[in-house]
Amino acid sequence: MPENDLSVSWLLIIITPIIFVVLYMLFLKWTARKGKALRGAVYISTPFLVFAVRELMNLLLGGNNSGWVIVALLVLVGVSLYIQYRTAGEMKLRKTLTSFLRLTFFVFVILYIMLLLSTVAAGALNV
């Protein structure tokens, strides 16, 4: 992996939480409601978070781990569809998409934190 690609990876990894905070502050200023601001920031920053997790996996595990991220996203789509069907009895595209984005954000934030801590620990131990 060339050095330039590594710096772009770290830039994406570092900037992802900043994107979320800036979006939250902008939405809060725009809507003046915390719940709406949080949802807007979650919806827009989720793709950045997915790419940051993919980059962390690539840095920590080596190689290209995009397949695992795609599998995780497909599982989350299935879970969202199942929850939508069980709760509403029908599947509405908009509700399924919003629940998918919220669930994806929640799962990938946990993965982001775990992988970031693992990457920092591996770097500190020079493994």
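What you see is a predicted model; the values in this text were computed from it and never measured.
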*Asks:* Can you tell me if Leu117 has over 12 outside heavy atoms packed within less than 6.0 Å of its CG?
*Replies:*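 For Leu117, atom CG is crowded (more than 12 foreign heavy atoms under 6.0 Å).
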*Asks:* Distance from Leu81 atom CG to Leu93 atom CG, nearest 0.5 Å?
*Replies:*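 Going from the CG atom of Leu81 to the CG atom of Leu93 covers 9.5 Å.
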*Asks:* Rounded to the nearest 0.5 Å, what separates atom OH in Tyr112 from atom OG1 in Thr16?
*Replies:*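 So the gap between those two atoms works out to 5.5 Å.
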*Asks:* Going by side chain to side chain contact (heavy atoms under 4.5 Å, CB included), name the residues that satisfy it together with Ser118, two or more places apart in sequence or in a different chain.
*Replies:*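 Only Leu60 meet the side chain to side chain contact (heavy atoms under 4.5 Å, CB included) criterion with Ser118.
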*Asks:* Any side-chain heavy-atom pair from Phe100 and Leu73 closer than 4.5 angstrom?
*Replies:*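 SC-SC contact between Phe100 and Leu73 confirmed.
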*Asks:* First locate atom CG of Leu101, then atom CG of Leu49, and finally report the distance between them rounded to the nearest 0.5 Å.
*Replies:*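 Here the interatomic distance stands at 11.5 Å.
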*Asks:* Taking the hydrophobic residues Ile, Leu, Val, Met, Phe, Trp and Tyr, and joining any pair whose side-chain heavy atoms are under 4.5 Å apart, which ones share a cluster with Ile70?
*Replies:* Leu74
*Asks:* Kindly state each residue pair satisfying side chain to side chain donor-acceptor pair (under 3.5 Å) with at least one member in residues 92-102, sequence neighbours excluded.
*Replies:*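 Sorted result for residues 92-102: Tyr43-Arg102.
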*Asks:* Tell me whether Tyr82 is reachable from Val79 by hopping between hydrophobic residues (I, L, V, M, F, W, Y) whose side-chain heavy atoms are closer than 4.5 Å.
*Replies:*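 They do not share one cluster, since no chain of ILVMFWY contacts under 4.5 Å joins Val79 to Tyr82.
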*Asks:* Check whether Asn58 reaches the backbone of Asn65 with its side chain - one donor and one acceptor, N or O, closer than 3.5 Å.
*Replies:*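 Side chain of Asn58 to backbone of Asn65: a pair is present.
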*Asks:* In a table with atom names and distances, give each donor-acceptor pair under 3.5 Å that connects a side chain of residues 21-37 to protein atoms at least two apart or in another chain.
*Replies:*
unit_1	atom_1	unit_2	atom_2	d
Thr31	OG1	Phe27	O	2.7
Thr31	OG1	Arg33	N	3.4
Thr31	OG1	Arg33	O	3.4

*Asks:* Do Val109 and Val120 share a hydrophobic cluster, counting only Ile, Leu, Val, Met, Phe, Trp and Tyr and linking them when any side-chain heavy atoms are less than 4.5 Å apart?
*Replies:* no
*Asks:* Are the side chains of Met57 and Leu115 in touch, meaning some heavy atoms are under 4.5 Å apart?
*Replies:* yes
*Asks:* Using 0.5 Å steps for rounding, measure from the CD atom of Glu55 to the OG1 atom of Thr119.
*Replies:*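 Here the interatomic distance stands at 11.0 Å.
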*Asks:* Can you list the residues that meet the ring pair (Phe, Tyr, Trp, His ring centres under 6.0 Å) rule with Phe20, with sequence neighbours excluded?
*Replies:* Phe105
*Asks:* Let me check something: do Leu61 and Val53 share a hydrophobic cluster, defined by ILVMFWY side-chain heavy atoms less than 4.5 Å apart, either directly or through other members?
*Replies:* yes
*Asks:* Would you mind listing the cluster partners of Phe51? Hydrophobic ones only (ILVMFWY), side-chain contacts under 4.5 Å, chaining allowed.
*Replies:* Leu12
*Asks:* With sequence neighbours excluded, tell me which residues meet side chain to side chain contact (heavy atoms under 4.5 Å, CB included) with Val107.
*Replies:* Leu76, Leu103, Leu111
